[in-house]
Amino acid sequence: MNQREIEEILELIWTLREEKISERKMVHDITQEKEPEKILNSMRENDLVRFSNGDVFLTENGEKYAEKIIRRHRLAERLFKDVFKMDDSGFEREACTWEHVLSEEATDSVCAFLGHPRVCPHNKPIPRGECCNKYEKTVSPLVHPMSEIGVGRSVKIVYILPSLQKRLERLTNLGIIPGNVIRIKQKHPAMVVVCDQTTIALDKEVASEIYVIAVNDKKS
Amino acid sequence: MHAEPKVTTDLKSPSIALIGNPNVGKSVIFGVLTGKYVNVSNYPGTTVEVTRGEGKLSRQKVNFIDTPGTNSFIPMSEDERVTRDIILTDPVSSVLQVGDGKNLKRVLHLSLQLCEMEIPFMLNLNMMDEAKSAGIDIDLEALERILGVQVNSTIAIRRQGTERLSSILERAGKGKWKIKYPPAIETAISQIEELLDDTPVAKRAFAIMLLVSDETLRRWVHENLTEDKARKLSEIILELEKKLNSPISFVITRARYQEVDKVYQRVVRTRKSFTSPVLNWLDEYMTHPIWGIPFLMVVLFIIYEFVGVFGAVTAVDFFENVIFGEYINPAAIWLFGFVPVEIIRKLFVGEYGIITMALSYGFAIVLPIVTTFFIMFSILEDSGYLPRLALLVNRMFRMLGLNGKAVLPMILGLGCDTMATMSARILETKKERIIVTLLLALGVPCSAQLGVILGMTALLPWPATVLWVGVVSMVMITVGWLSSKILPGSKSDFILELPPIRMPVLANIGMKTLARIEWYLKEVLPLFILGTLILFVLDETNLIGWIEQISAPLVQKFLGLPAKTTEAFLIGFLRRDYGAAGLFSLANKGLLTTNQIVVSVITITLFVPCIANFLMIIKELGIKIAVAMALFIVPFAFLVGGLVNYAFNLFGVVL
């Protein structure tokens, strides 16, 4: 029984739970591990899961363990997708590897680098780590929400995490799209940004969902 | 402000649709091509309806269609949808794409979609002067080669380059610029293509539209696809959604923008830009969180001086007392003195005479005021100040369940509530449209009415004016706030493009003002005459005394106004400004105390929307909502007026 197999099963139980599924049979059906029953039993022995009436649940220990894996997996997805621009199957594959190897310290650095994102590219929540709670500003992330950028700075859009689909479409139609460079012209009473030759005014609330990275620090 | 040309479109001649991003000058070019004036201004969303007009290419007549601006054929709001639907449902033979030269990326984003649709088109890059001062040089020939269609450049507002348009239009052809999407999307596109037989545009383009805008095309799917195929279609979409990690429309738009970027790099060279320091300075202060407010105050003060003082006092005085008082009315009375039948004499020059009342109210009181207002409003429109105002008031409007964008229809309402009701379409949710329409109908006085009221308040001490503004604003805020709580539905984001600050062009201001005055005279004078006739008949049959009597508890007791004001409210049902003009003339004759002026002015401001506005509400929101609004507004207007009167009496206020 190696650690990787256990972690895969933990991850599966967690994601199934997000879909409100807890049947043991489902774990068997979906997993790609060869001997799921054996792994599950050993996990029970190690106090990671418990069984009840054909269902499987995480124990307190299992919960903590799974949370870390999910966090690493989803942060890795963001990293490979948004920053390294990997395609859909690529970042998925990469994340599956990295979830087993990232140290806690490295995970927090990635999290800070990405600006403590809250959801993965599939829009599922990323469990928050200590770094998120401790405080974002002490670790100075490289990727910031646009609403936190000072006036006069030019930034490149890295990703947009809209809570509404319509918002994303409206932004993209105006040219606010990952990869484009914009300049922050004004922040009050609402954000004003210049994208190419178009000046766009938008709510702070919307701006806080646009994540950007500085391209130069020239104050104008 | 609704200057839609009445043109009978000949169905046999081909149609050419003008399509482009918002605020790029489609309407100006439409005007050049058809010789018809449609409202042109410097903010996105002026055109909310399709306008048709006839024009000529060298050999044949064509129908031109002016459309609301759009950024994509994936519609986001009602007006963008209008444009997309024209392409899909109208038998358009070709498209004239109008674009802003300095915003080439967004222009190309549309061109790419037109190429995909395989509709013959040409590209006209407008505002090339602004592109030049922004330091952007575009290699038009290279662009022509890449797109595979004709490209022209113009400065339409100064008619430069527009003379070439019709000859180039004859050579409009299908574009050859094509794009490959990520494999998953390409697969879905070809799967959908297999389901389609007859599509309004090229199969591939239509398949993409079905992929991204299922909701707005649901009806088409329902009518044109078998149930089996419709199910397959939604399966393909679901399948694709699973494969992608972002919304389909986003992936497609991103792919398009990447392609656009490549072409942009090839055809554009940038130099150092030059922008006027004065305009820059203005831009800075207009939207400044602190200086923006005094700037607004200065703007309002200038408007007040020009419309309220010069228009409503000086000019009205001249027209009413000199032109009508000394010449026209005496001349008409003298002339009609020869008519032996008394009733005809009274009909034209009596107390409720068509000349002495309808025409002198219309021409002497209202016309000078609306003219000065239209001039000011046109300047504001063309300068680009209005969207900046939207930015400034965004937070305040949030309280009313709206966002800053709603300031555009609201200010337009100060011109004409009817037109403004229509332009509420630029708002994204129905809830916002209802709130704006209600506030317009309730409390936003149109230019005619506003002008008359400004004229009246000019007679008053300033606290009276402040009181009027205060009460009306309080009422609007309260009603807006309450309806934002009560009405179901959602708010929408404030994401608004700010057009550059521009020096208004005198010729355009003049043309606009004239077109609006023409509209005003056509739309309004007949209603004035109708109102006068109604009063005349009521007077002749002595019904007026009877109405005054039965409404005495309301008008005289509750509002504390003289019986004569009943007439003003009566004709106010036809047009609020006519009612206001009636009050104005009473006030001018010294028949009202200051308190009474304030009460009556508040009541008439909140009073029913005019007939034209009411019809527009029915058209936009349906009869149920329209009637509900009217049933709320009329009693409410009297209630507020009565409360103000009551408060005056209670606290012994004498203004």
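Lettering follows sequence order; numbering is per chain, from 1. The figures here come from the full heavy-atom set of this structure, side chains too, leaving out hydrogens, waters and symmetry mates. Note that the coordinates shown come from a computational prediction; the quantities given were computed from them, not determined experimentally.
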Interchain contact, [X] with chain A, by part (heavy-atom threshold 4.5 Å):
{"X": "Asn394(B)", "value": "side chain"}
{"X": "Arg106(B)", "value": "side chain"}
{"X": "Thr70(B)", "value": "neither"}
{"X": "Lys102(B)", "value": "both"}
{"X": "Ile290(B)", "value": "neither"}
{"X": "Arg398(B)", "value": "side chain"}

Residue selection (most heavy-atom pairs with chain B, distance under 4.5 Å) from Ala201(A), Ala207(A), Cys120(A), Pro189(A):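 Among the listed options, the one with the most contacts to chain B is Ala201(A).
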
Using a cut-off of under 4.5 Å on heavy-atom pairs, state which of Leu171(A), Ile177(A), Ile200(A), Thr198(A) scores highest against chain B.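 Most pairs with chain B among the choices: Thr198(A).
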
Indicate the ring-plane relationship of His288(B) and Trp291(B), choosing parallel, tilted or perpendicular according to the 30° and 60° boundaries.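 Tilted: the ring planes of His288(B) and Trp291(B) meet at 30° to 60°.
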
Is the His109(B) ring parallel, tilted or perpendicular to the Tyr257(B) ring (thresholds 30°, 60°)?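 Parallel.
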
What part of [X] is in contact with chain B, defined as an atom under 4.5 angstrom from a non-hydrogen atom: side chain, backbone, both or neither?
{"X": "Lys81(A)", "result": "side chain"}
{"X": "Glu205(A)", "result": "side chain"}
{"X": "Val192(A)", "result": "side chain"}

Are the side chains of Glu497(B) and Thr199(A) in touch, meaning some heavy atoms are under 4.5 Å apart?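 Contact flag for Glu497(B)/Thr199(A) side chains = no.
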
Is there a side-chain contact between Leu110(B) and Asn71(B), using heavy atoms and a 4.5 Å cut-off?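 Sidechains of Asn71(B) and Leu110(B): no contact.
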
Most contacts with chain A, counted as non-hydrogen pairs under 4.5 angstrom, among Thr287(B), Asn21(B), Leu244(B):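 Looking at each of Thr287(B), Asn21(B), Leu244(B) in turn, Thr287(B) comes out on top.
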
Taking the six-membered ring for Trp, are His144(A) and Tyr211(A) ring centroids under 6.0 Å apart?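 No: the rings miss the under 6.0 Å criterion.
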
Charged N-O contact under 4.0 Å between Glu11(A) and Lys68(A):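 Answer for the salt bridge query: no.
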
If you measure from the Lys or Arg side-chain nitrogens to the Asp or Glu carboxylate oxygens, is any gap between Glu5(A) and Lys34(A) under 4.0 Å?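 The answer is no: the pair does not qualify as a salt bridge.
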
Evaluate the side chain to side chain donor-acceptor pair (under 3.5 Å) criterion for residues Glu23(A) and His28(A): first the C-alpha distance (whole Å), next the side-chain angles of each, then the deciding distance (0.1 Å), finally the verdict. CA-CA 9 Å; Glu23(A) 287 129 278; His28(A) 286 240; over 6 Å; no

